[in-house]
Amino acid sequence: MRELQDEHHMKSLGLQVSSPGYDRQVVADHANNLASKIRSNLTNSMKALGVDILTGIGTIVGKQKVRYGKVGFPDNEITARNIIIATGSVPFVPKGIEIDGKTVFTSDHALKLESVPEWIAIVGSGYIGLEFSDVYTALGSEVTFVEALDQLMPGFDPEIAKLAQRILISPRKIDYHTGVFASKITPAKDGKPVLIELIDAKTKEHKETLEVDAALIATGRAPFTKGLGLENINVVTQQGFVPVDERMQVMDATGNVVPNLYCIGDANGKLMLAHAASAQGISVVEQISGRDNILNHLSIPAACFTHPEISMVGLTEPQAREKADKEGFEISVVKTSFKANTKALAENEGDGLAKMIYRPDTGEILGVHILGLHAADLIHEASNAIALGTHVQDIKFAVHAHPTLSEVLDELFKAAKVNTAGSHSMNEPVAV
């Protein structure tokens with residue numbers, strides 16, 4: 001939709017499109033149909049593998065014992081050799097915010113897209129808020145961000161956040177308030193708009209009241225771990241998260257491992273991403289099968305599905321500098337632009353940047369951040385390098401197909417300078 005509406009972009013490619021429009025219901029149906037198709041595919045795969053699916057609310061009643069049941073039916077109790085908690089998370093709604101699911105809602109409701117508001121406030125400018133600002137502005141809404149921290153997009157590498165602001169926020173119908181909390185949000189009713197009371201994040205003084213058509217609460221997610229019966233096995237959650245060690249084994253209140261009990265995914269809070277949960281699950285199954293496996297969370301990539309996309313793996317530049325100061329080593333940073341990439345230029349999508357933070361003494365890759373066309377697909381070369389311990393001096397000789405966007409990373413790796421005296425190539429013999 002965004003591309004079709006961009007007359008300048010279309011004309012520069014020699015394309016003519018007359019008055020693009022969309023059908024809101026069909027857009028919403030596409031999202032819903034996709035979700036149910038994936039859900040039924042997964043269910044069928046599990047059944048085909050011989051997995052029994054027991055439906056009901058599960059509670060751990062003792063070591064290797066689970067009780068489950070539906071409301072109004074008698075409970076069943078089962079024993080299992082190993083138990084994995086994988087209850088995930090739910091949208092987090094700060095107090096003072098009243099959700100009606102229609103005019104004040106979370107990402108769960110937003111995916112159903114029951115209407116496209118003319119003006120929507122988005123509380124929180126992390127991944128979720130940013131992705132929905134992309135959707136709503138493409139469909140014609142005006143967006144106002146409300147961010148408690150002093151700058152937009154906290155959690156992203158600051159340089160990437162700054163560029164994202166120039167590409168994803170400034171040219172669009174988006175304004176923002178930073179350093180403020182939404183202390184109270186009242187849904188629209190009786191012809192009145194949604195009211196958002198803003199207070200200063202530091203002084204807590206009232207700043208202003210926004211009147212908008214709708215508000216999306218994108219303040220992150222909270223672990224879904226209440227009622228699991230953890231008290232029966234002496235486990236105490238930490239801010240709702242189930243404490244685990246590096247092998248995802250649940251820890252009890254005395255700091256000891258609870259045998260045969262694991263927790264994966266958002267419920268343990270290590271890294272709240274779906275693919276991190278899958279990787280943790282694989283790690284646990286490996287261990288249960290007698291093969292030790294420890295997942296390197298710093299090698300897990302993350303992506304933000306805006307247009308263009310943002311992706312990252314490893315440390316941000318400030319995090320890397322902090323680590324370097326603490327451990328006494330130097331870091332270097334290299335950057336490449338999408339503007340010099342043939343494929344990006346062919347598509348008239350030259351906006352973007354890739355940056356890498358690495359150690360010039362050893363060539364170890366500490367972090368890679370990409371903002372640009374298909375960034376979410378491009379990051380995996382870097383995340384695999386981190387996972388496999390591949391250093392810059394080795395990966396810079398890898399050959400990339402031309403013309404492809406992957407050459408942005410090729411340029412990035414080749415731009416890095418490693419002090420060869422202090423480093424070695426994986427192909428060279430090393431005296432131990």
Side-chain angles (χ1 to χ4, degrees), residues 1-3 6 9 125-135 137-138 152-172 174 271-276 298-320 333-358 365-387 390 392 395-396 398 400-416:
M1 193 65 210
R2 189 181 298 288
E3 283 184 26
D6 188 344
H9 189 203
S125 64
Y127 291 72
I128 299 171
L130 212 59
E131 288 174 344
F132 276 107
S133 76
D134 196 69
V135 171
T137 51
L152 287 180
M153 299 173 59
F156 288 85
D157 183 89
E159 194 173 1
I160 292 287
K162 203 167 149 193
L163 182 61
Q165 206 161 319
R166 213 175 73 214
I167 296 173
L168 298 173
I169 291 174
S170 301
R172 300 178 181 175
I174 300 176
L271 196 54
M272 295 175 85
L273 299 166
H275 50 276
L298 279 176
S299 72
I300 298 177
C304 183
F305 296 97
T306 42
H307 294 80
E309 296 169 342
I310 308 171
S311 62
M312 66 216 74
V313 65
L315 304 174
T316 61
E317 193 177 328
Q319 286 170 340
V333 177
V334 282
K335 296 165 207 170
T336 51
S337 165
F338 276 67
K339 281 187 173 59
N341 180 271
T342 311
K343 184 84 182 289
L345 289 174
E347 298 202 22
N348 261 345
E349 298 269 8
D351 282 335
L353 167 84
K355 72 181 273 191
M356 173 170 65
I357 305 124
Y358 68 101
I365 300 168
L366 300 173
V368 174
H369 302 263
I370 310 171
L371 165 55
L373 194 61
H374 294 294
D377 297 308
L378 294 177
I379 197 68
H380 296 97
E381 195 171 350
S383 64
N384 287 345
I386 293 176
T390 309
V392 175
I395 204 167
K396 64 164 59 181
H400 295 72
H402 174 79
T404 63
L405 293 168
S406 75
E407 291 175 289
V408 169
L409 281 176
D410 187 45
E411 296 282 340
L412 190 64
F413 299 140
K414 283 180 168 57

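Since we're looking at a predicted model, the values are computed, not measured. Throughout, numbering of the chain's residues begins at 1 and tracks the sequence.
- Panel note: side chain Asn341, backbone Gly350; no donor-acceptor pair is recorded below 3.5 Å.
- Annotation for Ile169 and Ile174: closest pair CG2-CG2, 3.8 Å, computed over non-hydrogen atoms.
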**Prompt:** Can you list the steps and then say if Thr306 with Ile167 is a side-chain contact (heavy atoms from CB on, under 4.5 Å)?
**Reply:** CA-CA 10 Å; Thr306 42; Ile167 296 173; over 6 Å; no

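- Taking CD of Glu309 as the start and CG of Leu168 as the end, the distance is 10.5 Å to the nearest 0.5 Å.
- Atom-to-atom distance recorded for Leu366:CG and Thr316:OG1 is 11.0 Å, nearest 0.5 angstrom.
- Contact annotation: the side chain of Lys343 never approaches that of Thr404 to less than 4.5 Å [non-hydrogen atoms, C-beta and beyond].
- Residues satisfying the side-chain hydrogen bond (donor to acceptor under 3.5 Å, both in side chains) test with Lys414, not counting sequence neighbours, are Asp410.
- Nearest heavy-atom pair across Leu273 and Pro301 is CD1-O, 3.8 Å.
- With contacts defined as side-chain heavy-atom distances shorter than 4.5 Å, the pair Arg172/Asp134 qualifies.
- With sequence neighbours left out, the side-chain contact (heavy atoms from CB on, under 4.5 Å) criterion links Pro158 to Pro318.
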Which donor-acceptor pairs under 3.5 Å do side chains of residues 369-380 form with protein atoms, sequence neighbours excluded?
unit_1, atom_1, unit_2, atom_2, d
His369, NE2, Leu315, O, 2.9
His380, ND1, Asp377, O, 3.3

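- By the 6.0 Å contact criterion, CZ on Arg166 is open, its count of non-hydrogen atoms from other residues, nucleotides or ligands being 12 or less.
- Checking side-chain atoms of Glu131 against main-chain N and O of Ile128 turns up no donor-acceptor pair under 3.5 Å.
- The distance from the CD atom of Glu407 to the NE2 atom of His402 is 5.5 Å, given to the nearest 0.5 Å.
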**Prompt:** How far apart are the C-alpha atoms of Tyr358 and Val334, what are their side-chain angles, what is the distance that settles it, and do they pass the side-chain contact (heavy atoms from CB on, under 4.5 Å) test?
**Reply:** CA-CA 8 Å; Tyr358 68 101; Val334 282; 4.0 Å; yes

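- Atom OG of residue Ser337 and atom NZ of residue Lys355 lie 14.0 Å apart, to the nearest 0.5 angstrom.
- Taking both residues in full, the closest heavy atoms of Ala385 and Ile395 are given as CB-CD1, 3.8 Å, listed atom of the first, atom of the second, then distance.
- Taking CG of Leu152 as the reference point, atom CD of Gln165 lies at 5.0 Å (rounded to 0.5 Å).
- Residue His307 qualifies as open at atom NE2: its count of foreign heavy atoms under 6.0 Å is 12 or below.
- Side-chain atoms of Lys335 do not come within 3.5 Å of backbone N or O of Leu353 as any donor-acceptor pair.
- The minimum heavy-atom distance between Ile310 and Ala164, with the atom names listed, is CD1-CB, 4.1 Å.
- Within 6.0 Å of the NZ atom in Lys396, the count of heavy atoms belonging to other residues, nucleotides or ligands exceeds 12.
- Within the 3.5 Å criterion, the main-chain N or O of Ser383 finds no donor-acceptor partner in the side chain of Ser299.
- Summarising the local packing, CD of Glu3 is surrounded by 12 or fewer heavy atoms from other residues, nucleotides or ligands at distances under 6.0 Å.
- Of all non-hydrogen atoms in Ala354 and Val408, the two that sit nearest each other are CB-CG1, 3.7 Å.
- The line from CG of Leu409 to CD of Glu381 is 5.0 Å long, rounded to the nearest 0.5 Å.
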**Request:** Take Glu317 and Val333, measure what side-chain contact (heavy atoms from CB on, under 4.5 Å) needs, and give me the verdict at the end.
**Result:** CA-CA 8 Å; Glu317 193 177 328; Val333 177; 3.8 Å; yes

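- Proximity of the aromatic rings of Phe156 and Tyr127 is defined here by a centroid distance below 6.0 angstrom, and this criterion is met.
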